[in-house]
> 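Here it is, the structure in full.
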Amino acid sequence: MSAARLPLEGVTVVSLEQAVAAPFATRQLADLGARVIKVERPGAGDFARGYDETVHGQSSHFVWLNRSKDSVTLDVKTDGGRAVLERLLAGADVFVQNLAPGAAARLGLSARELAQRHPALIVCDISGYGADGPWAHRKAYDLLVQCETGVLSVTGAPGAPAKVGIAIADIAAGMYAFSGILTALYERRATGTARAVEVSLFEALAEWMGYPAYYTAHSGRQPERVGAAHPTIAPYGPYDAADGKTVLLAIQNEREWASFCAEFLDDASLADDPRFHRNSARVAHRAELDAIVTARFAELGAQEAVALLERAKVANARLNTVADFLDHPVLAGRDRWRDVATPGGPVRALLPPVGLHGVEPRMDPVPAVGEHTEAVLKEFGYDAAAIGELREQGAL
C-alpha cells in the first residue's frame with residue numbers, strides 16, 4: 001500500500017447489492033478507499049456467489065467484484081434486520097441498492113423515505129428500466145437489456161445475432177453509478193445537499209448505442225451485422241495470415257489508407273483507385289477490397305504482416321484468447337497485477353484502470369459470507385448479548 005491517503009478514506013458505503021451492477025459500482029468506491037459494508041442474505045449471501053466454483057471453489061464473478069468489502073449478513077425482512085440496517089445507514093454517507101423492482105420501496109428504503117430519515121445520505125438506486133415509467137416493474141438481466149437496446153441487432157454476423165460476451169449492461173450501469181455517486185459526494189461537500197442517484201441498465205446501455213442510433217435515425221437504415229469487421233469503415237477487421245494466425249487492422253483516415261497501400265499491399269496506385277479512394281467508396285466495394293487484402297495476407301506470416309502494418313503506421317492487433325490476454329506483455333510490462341486474498345486462496349487481480357499518481361488502490365481480501373457481521377455490529381453499538389438475540393431471531 002502507498003503511504004498516500006486514499007481519496008475516499010472516511011466515506012462509508014452501505015450496499016444492499018447482488019449480481020454485477022451495484023457490486024461493480026461499490027468495488028470501485030472501495031478501490032479508492034471507501035469503506036463498503038456489503039449487506040448479504042444470511043446463508044447463501046449474494047446470489048452471484050453461486051454462479052460458478054472456478055476460483056478456488058468460488059464464483060469468478062464474485063471474486064472480481066467484491067474485494068475490499070466488509071460482508072455483513074442481515075435478513076432485512078425481519079424487524080431486527082431492518083433495525084440493524086437503519087443503524088448502519090445512520091452512520092453511512094452512501095446507500096446503494098439493486099434489489100428486484102419495488103423491493104426497496106416495500107422495505108421502506110426508497111430514496112424519498114430515506115431522505116426524510118437520513119437527510120445527509122446519498123441514495124443510489126440501480127434498476128433495470130428505471131424507478132418509474134411503464135417498465136419499472138419488469139425484471140432486467142444483461143442479455144435482455146442487450147436485446148431491448150438493439151445491441152444484438154448490430155452484433156454478430158449476417159443472419160446470426162450475438163450477445164456481447166461480457167455483461168455490458170451491468171458494467172455500464174455500475175460505471176455510471178460510480179461516477180454519479182462521486183458527483184453526489186462532491187456536490188454534498190460543496191453545497192451540503194445530498195442528491196439521490198438513479199441509474200438503469202437500459203438507459204446506461206442506451207447511451208452506448210449512440211453511434212448506431214444516430215446513424216439509423218439519419219440514414220433510414222441501421223448498421224449491418226458484419227462480425228468482427230466494421231459496418232461503415234473499410235478495411236477494418238480480421239484477416240488470416242499464411243500461418244493460420246489472425247491479425248486485425250483498422251484504417252481510420254486517408255493518410256493511413258495511402259500508407260497501407262504503399263507499405264503493406266505494395267501497390268501505391270490502389271490509394272487513388274476510384275473504387276477505394278475514400279472510405280465510403282471502400283465500404284461500397286468492400287468485397288473487392290477484402291479480396292485484395294486477403295490475398296496479400298495469404299502471402300505473409302502473422303509476424304511479418306504485423307511488422308509491415310507497424311511500418312505503415314496502421315493500427316493492428318492479434319486475435320487473442322483469454323489465456324493470451326492473461327499473459328499480455330502490456331499488463332506485465334506495466335506491473336498491472338496484484339495478489340488479492342480470498343477465502344479459498346490468493347488470486348491475481350488487475351489494478352483499476354484509472355490511475356492516480358502516487359496512490360496505490362486498495363486491493364484487500366474478498367470476504368466470506370458474513371465474515372464481518374459481528375465486528376461491524378459491535379462497532380455500531382451492539383454487544384454480544386444483542387448479537388446473540390438477533391441470531392436467535394434469524395435476523396443475521
Side-chain angles (χ1 to χ4, degrees), residues 127-130 133-136 138-173 175-176 199-240 246-261 264-265 270-297 309 314-317 319:
S127 64
Y129 295 101
W135 283 26
R138 293 184 68 155
K139 287 186 176 181
Y141 300 115
D142 187 82
L143 171 60
L144 309 182
V145 176
Q146 287 194 38
C147 290
E148 289 292 345
T149 53
V151 170
L152 268 70
S153 75
V154 297
T155 304
K163 71 179 287 292
V164 179
I166 57 175
I168 58 170
D170 288 286
I171 293 169
M175 291 174 64
Y176 289 123
V199 178
S200 77
L201 273 67
F202 181 83
E203 286 158 5
L205 201 53
E207 169 67 18
W208 287 21
M209 284 293 287
Y211 142 66
Y214 278 108
Y215 184 92
T216 301
H218 292 273
S219 71
R221 64 187 188 281
Q222 74 169 51
E224 298 178 2
R225 292 193 203 98
V226 289
H230 195 289
T232 60
I233 302 175
Y236 190 119
Y239 297 91
D240 293 332
T246 301
V247 176
L248 291 89
L249 64 91
I251 299 291
Q252 290 290 300
N253 54 56
E254 300 314 310
R255 177 188 55 77
E256 290 181 357
W257 167 242
S259 178
F260 177 70
C261 291
F264 186 85
L265 296 179
L270 284 171
D272 298 319
D273 188 308
R275 297 171 298 170
F276 311 132
H277 72 291
R278 61 183 180 185
N279 182 64
S280 58
R282 293 193 293 274
V283 171
H285 297 90
R286 186 194 301 272
E288 298 163 75
L289 177 59
D290 276 347
I292 294 170
V293 178
T294 298
R296 179 58 171 149
F297 266 96
L309 291 168
V314 170
N316 61 87
L319 185 60

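Numbers for residues simply follow the sequence, beginning at 1.
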> For Arg296 and Phe264, indicate whether the former's side chain and the latter's backbone hold a donor-acceptor pair under 3.5 Å.
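Pair found, side chain donor or acceptor close to backbone of Phe264.
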
> Could you grab the distance from atom CZ of Arg282 to atom CG of Asp273, nearest 0.5 Å is fine?
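Between atom CZ of Arg282 and atom CG of Asp273 there are 11.0 Å.
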
> With a 4.5 Å limit on heavy-atom distance, are the side chains of Trp257 and Val314 in contact?
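In short, these two side chains do not touch, never coming nearer than 4.5 Å.
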
> Does any part of the side chain of Thr149, heavy atoms only, come nearer than 4.5 Å to the side chain of Trp208, both counted from C-beta?
no

> Which heavy atom of Ala271 sits nearest to which heavy atom of Cys261, and what is that distance?
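For Ala271 and Cys261, the tightest heavy-atom pair comes out as N-SG, 3.6 Å.
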
> Any idea how His230 and Tyr211 line up, ring-wise: parallel (<30°), tilted (30 to 60°), or perpendicular (>60°)?
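Ring orientation, 0 to 90° scale: tilted.
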
> Identify the two heavy atoms, one from Tyr176 and one from Glu207, that lie closest to each other, and give their separation to 0.1 Å.
OH-CG, 3.2 Å

> Can you find a heavy atom in the side chain of Pro161 that is under 4.5 Å from one in the side chain of Arg225?
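Yes, side chains in contact.
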
> When you measure from the side chain of His285 to the backbone of Ala281, do you find a donor-acceptor pair of N or O atoms at a distance under 3.5 Å?
yes

> For the residue pair Leu270 and Phe260, establish whether any side-chain heavy-atom pair is separated by less than 4.5 Å.
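With C-beta onward as the side chain, the pair stays apart.
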
> Identify the two heavy atoms, one from Leu205 and one from Ala169, that lie closest to each other, and give their separation to 0.1 Å.
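Taking every non-hydrogen atom into account, CD2-CB, 3.8 Å.
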
> Is there a donor-acceptor pair closer than 3.5 Å between any side-chain N or O of Gln146 and the backbone N or O of Val164?
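Pair found, side chain donor or acceptor close to backbone of Val164.
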
> In Å and rounded to the nearest 0.5 Å, what is the CG to CG distance from Leu309 to Asn316?
5.0 Å

> Taking Arg278 for the side chain and Glu254 for the main chain, is one N or O donor matched with an acceptor at less than 3.5 Å?
no

> Tell me, which pairs form a side chain to side chain donor-acceptor pair (under 3.5 Å) where one or both residues lie in residues 153-173, sequence neighbours left out?
Ser153-Gln222

> If you take all heavy atoms of Val199 and Ala204, which pair is closest and at what distance?
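Scanning both residues completely, I find the closest heavy atoms to be CG1-CB, 4.5 Å.
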
> Heavy-atom distance under 4.5 Å between the side chains of Tyr236 and Ile251, does that happen here?
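The answer is no, as the side chains (C-beta and beyond) never meet within the 4.5 Å cut-off.
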
> Do the non-hydrogen side-chain atoms of Tyr215 and Pro231 ever get within less than 4.5 Å of each other?
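Counting from C-beta outward, Tyr215 and Pro231 never come under 4.5 Å.
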
> If you take all heavy atoms of Ala173 and Leu201, which pair is closest and at what distance?
CB-CD1, 3.9 Å

> What's the separation between atom OH in Tyr239 and atom CG in Leu248, rounded to the nearest 0.5 Å?
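That separation rounds to 9.5 Å.
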
> Relative to each other, are the rings of Tyr129 and Trp135 parallel, tilted or perpendicular (30° and 60° limits)?
perpendicular

> What heavy-atom pair brings Ala140 and Gly128 nearest, and what distance separates the two atoms?
CB-CA, 3.5 Å

> In the structure I gave you, are the side-chain heavy atoms of Met209 and Val151 within less than 4.5 Å of one another anywhere?
yes

> Run the side chain to side chain contact (heavy atoms under 4.5 Å, CB included) test on Leu249 and Phe297 for me, step by step, so that the C-alpha distance in whole Å, both residues' side-chain angles and the decisive distance to 0.1 Å come before the verdict.
CA-CA 11 Å; Leu249 64 91; Phe297 266 96; 3.7 Å; yes

> What's the spacing between Arg286 CZ and Ile233 CD1 if we round to 0.5 Å?
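Answer rounded to 0.5 Å: 9.5 Å.
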
> To the nearest 0.5 angstrom, please state how far the CG atom of Asn279 sits from the CG atom of Asn253.
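These two atoms lie 10.0 Å from each other.
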
> Around atom CD of Glu224, are there more than 12 heavy atoms of other residues, nucleotides or ligands at under 6.0 Å?
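No.
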
> How long is the span from the CD1 atom in Ile166 to the CD1 atom in Ile171, to the nearest 0.5 Å?
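Those atoms lie 4.0 Å apart.
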
